[in-house]
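Let me begin by presenting the structure, written as structure tokens, before commenting on it.
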Amino acid sequence: MASPPSHDADLAVVGAGAAGLYAALCAADAGARVALVSATPLAESSSYWAQGGLAAALAGDDSPDRHLADTMRAGRGLVRQSAARRLVDEAPAIVADLQARGVRFDADRRGHLSLGLEGGHSARRVAHAGGSATGRRVTRALSALVAEHAGIAVHEGAHADALIRFEDRCTGLRAGGLALRARAVILATGGAAALWARTTNPAGAVGGGMLLAHAAGAALADLELVQFHPTALALPGRGDGFLVTEAVRGEGARLLDAAGERFVDELAPRDEVARAIGQRIAHEGSSAVSLDMREVEPALFPNVVEVLREVGIDPVRDLVPVAPAAHYVMGGIVTDREGRTSVPGLYAVGECACTGLHGANRLASNSLSECFVFGRRAALAALDEPPSAPSSSCEWRAAAGAAPTPAMRAALWRHAGLEREARGLRALLDAPHPLARLVALSALAREESRGAHQRSDFPATDPALEHRHVVVAPGAPPAIAEWR
């Protein structure tokens with residue numbers, strides 16, 4: 001079989017969400033030749049739909065230490081403090097850099113940033129752009145900069161299907177019939193929450209980058225730690241699963257049961273709110289609880305209001321039916337604080353990566369900040385890798401596995417959803433999708449309940465598993481590793 005035509009770059013970035021766009025820009029600004037690979041046109045990534053903002057200690061009464069304490073508390077004893085410290089220390093400068101690049105964050109009449117309050121935060125520290133349209137605004141701005149940058153070659157509509165390894169290093173990738181050779185590859189391919197039947201994610205978020213890295217020899221971790229967003233629209237047909245940002249709860253929206261009564265602290269961490277909703281739905285035999293947005297100013301959340309009205313719900317006068325949905329996989333490709341994986345020359349950032357930052361429960365809006373903080377770090381670290389030596393004896397490492405079927409997605413929701421137990425998890429070990437099998441293996445290995453991982457057969461938290469992470473290396477059973 002003939003080798004595909006090759007193209008050389010200093011750095012190849014896979015994924016055009018927030019992490020990939022920013023990593024590409026940071027590397028190109030440092031003088032690198034960057035090849036950016038995107039399966040979709042620019043500004044159509046998962047980040048485009050992100051309603052949350054950037055969490056950063058920007059207010060006068062806030063501090064990185066306070067932000068760190070909230071992150072640690074939400075993560076339920078599994079947060080890697082060294083990673084979290086980098087996030088909270090560097091996030092304020094990231095907001096300033098994005099402003100300098102043309103991103104316009106919401107501000108009051110005096111020009112001060114309008115900071116939102118979200119679940120698990122003890123202070124207003126979430127910067128938004130266009131209210132709940134932050135992802136759209138940020139990715140549009142960064143996509144325009146990427147498209148205009150002379151140092152970035154964009155390959156749209158190209159799907160990365162294999163990584164190149166030479167002498168145990170990652171030296172490039174294959175995408176769209178083109179071989180891209182580079183001194184390093186950064187995977188910024190997003191998450192895997194669309195493997196579950198009920199999800200807030202676009203259909204393509206099925207962990208492709210994780211499987212690609214795993215096939216090339218990289219370890220994965222924390223796959224059992226899946227965050228279920230408490231308030232996804234529960235409406236048969238169009239609009240089902242649409243995420244109603246928790247920022248609306250920060251502005252006074254309330255969760256009500258069938259009797260019209262509040263039953264949970266709306267601003268508790270996501271795992272607590274999601275479980276409370278799930279339990280109330282089970283108790284009432286219903287399909288949803290109600291989110292009361294009638295006292296919330298509609299202009300603060302224009303895209304939420306727009307979508308709800310399109311499906312026949314006017315949040316100014318109607319209650320909104322909501323229920324939990326798979327939203328964010330805390331686990332992914334194991335990396336250090338610079339984005340390095342266990343394969344030299346291969347980096348990962350954003351939701352496909354696992355630094356240990358989020359622990360067992362991601363603090364709201366830390367993920368977008370993570371994309372930028374660690375995207376920049378990975379880009380600069382990757383440029384220190386040795387130049388890629390041309391070779392005809394390289395090997396291709398391609399990800400394998402069947403596409404997720406509706407039946408498999410339903411099984412994952414049933415057996416690895418808000419609550420799991422060994423019998424159901426074992427039933428997933430024969431799932432056709434390899435990542436579903438790894439999720440089940442990882443969940444079986446964590447014999448406790450902690451944060452987003454709830455085992456009905458192990459309902460207590462095991463103190464011995466604090467700071468312990470379930471790591472899956474290629475061809476090996478899950479192992480427990482301590483991260484600090």
Side-chain angles (χ1 to χ4, degrees), residues 49-53 74 116-121 124 126 128 130-135 193 196-201 227-328 361-365 367 413 417-418 452:
W49 303 104
Q51 294 182 26
L117 178 66
E118 296 185 2
H121 291 274
R124 285 186 172 270
V126 182
H128 290 92
S132 51
T134 303
W196 279 258
R198 181 163 168 75
T199 181
T200 64
N201 284 206
Q227 187 171 76
F228 295 86
H229 198 285
T231 52
L233 186 62
L235 196 67
R238 190 167 63 93
D240 186 51
F242 173 74
L243 187 151
V244 181
T245 174
E246 68 187 279
V248 303
R249 288 177 269 140
E251 298 301 327
R254 300 176 303 159
L255 286 164
L256 308 176
D257 62 15
E261 300 292 332
R262 289 181 66 201
F263 59 93
V264 67
D265 175 3
E266 287 86 357
L267 292 178
R270 285 179 176 174
D271 63 321
E272 294 181 23
V273 181
R275 281 198 304 279
I277 293 174
Q279 290 165 1
R280 190 54 55 112
I281 287 173
H283 175 74
E284 295 176 344
S286 59
S287 60
V289 297
S290 296
L291 182 67
D292 185 354
M293 295 176 56
R294 291 175 294 186
E295 301 301 318
V296 176
E297 172 54 53
L300 292 174
F301 306 101
N303 69 321
V304 171
V305 172
E306 178 185 355
V307 170
L308 292 177
R309 285 175 172 165
E310 285 176 355
V311 298
I313 299 170
D314 185 350
V316 173
R317 64 170 187 267
D318 301 328
L319 296 177
V320 181
V322 295
H327 178 58
Y328 190 95
N361 182 46
R362 176 175 66 97
L363 183 66
S365 287
S367 54
W413 176 262
L418 281 169

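Keep in mind that this is a model prediction, so the values were computed, not measured.
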Check your understanding: By side chain to side chain contact (heavy atoms under 4.5 Å, CB included), which residues pair with Pro298, not counting sequence neighbours?
Key -> Val305, Val316
Check your understanding: Which residues pass the side chain to side chain donor-acceptor pair (under 3.5 Å) test with Glu310, sequence neighbours left out?
Key -> none
Check your understanding: Donor-acceptor pair, Arg198 side chain versus Pro324 backbone, under 3.5 Å?
Key -> yes
Exercise for review: With Pro230 as reference, evaluate Leu291, Leu243, Asp271, Ile277 under the side chain to side chain contact (heavy atoms under 4.5 Å, CB included) test and give the passing residue.
Suggested key: Ile277
Study note, to complete from the structure: His327 meets the ring pair (Phe, Tyr, Trp, His ring centres under 6.0 Å) criterion, sequence neighbours left out, with His229
Point to revise | Set of residues satisfying side chain to side chain donor-acceptor pair (under 3.5 Å) with respect to Arg309, sequence neighbours excluded | key: Asp314
Practice item. Identify the two heavy atoms, one from Val273 and one from Ala268, that lie closest to each other, and give their separation to 0.1 Å. Key: CG2-O, 3.4 Å
**Study point:** Partners meeting side chain to side chain contact (heavy atoms under 4.5 Å, CB included) with Ala193 (sequence neighbours left out)
**Key:** Thr199, Asn201, Ala326
Review point. Side chain to side chain contact (heavy atoms under 4.5 Å, CB included) with Leu267: which residues, sequence neighbours excluded?
Key: Leu117, Arg249, Asp265
Study note, to complete from the structure: Sorted by chain and residue number, the side chain to side chain donor-acceptor pair (under 3.5 Å) partners of Ser367 (sequence neighbours excluded) come out as Arg362
Review point. If you look at every heavy atom in Leu256 and Gly260, which pair is closest and at what distance?
Key: CD2-O, 3.8 Å
Review point. If we only count heavy atoms from C-beta on, is the Met293 to Val304 side-chain gap below 4.5 Å?
Key: yes
Exercise for review: Please name the pair of heavy atoms, one in Ala325 and one in Thr200, separated by the smallest distance, quoted to 0.1 Å.
Suggested key: CB-CG2, 4.0 Å
Point to revise | Contacts of type side chain to side chain donor-acceptor pair (under 3.5 Å), residue Asp257, not counting sequence neighbours | key: Arg280
**Study point:** Pairing residues for Glu295 by the side chain to side chain contact (heavy atoms under 4.5 Å, CB included) criterion, not counting sequence neighbours
**Key:** none
Exercise for review: Taking salt bridge (Lys or Arg N to Asp or Glu O under 4.0 Å) as the test, write out the residues that go with Glu284, two or more places apart.
Suggested key: none
Review point. So, the side chain of Ser365 versus the backbone of Gly53: is there a donor-acceptor pair under 3.5 Å, distance only?
Key: yes
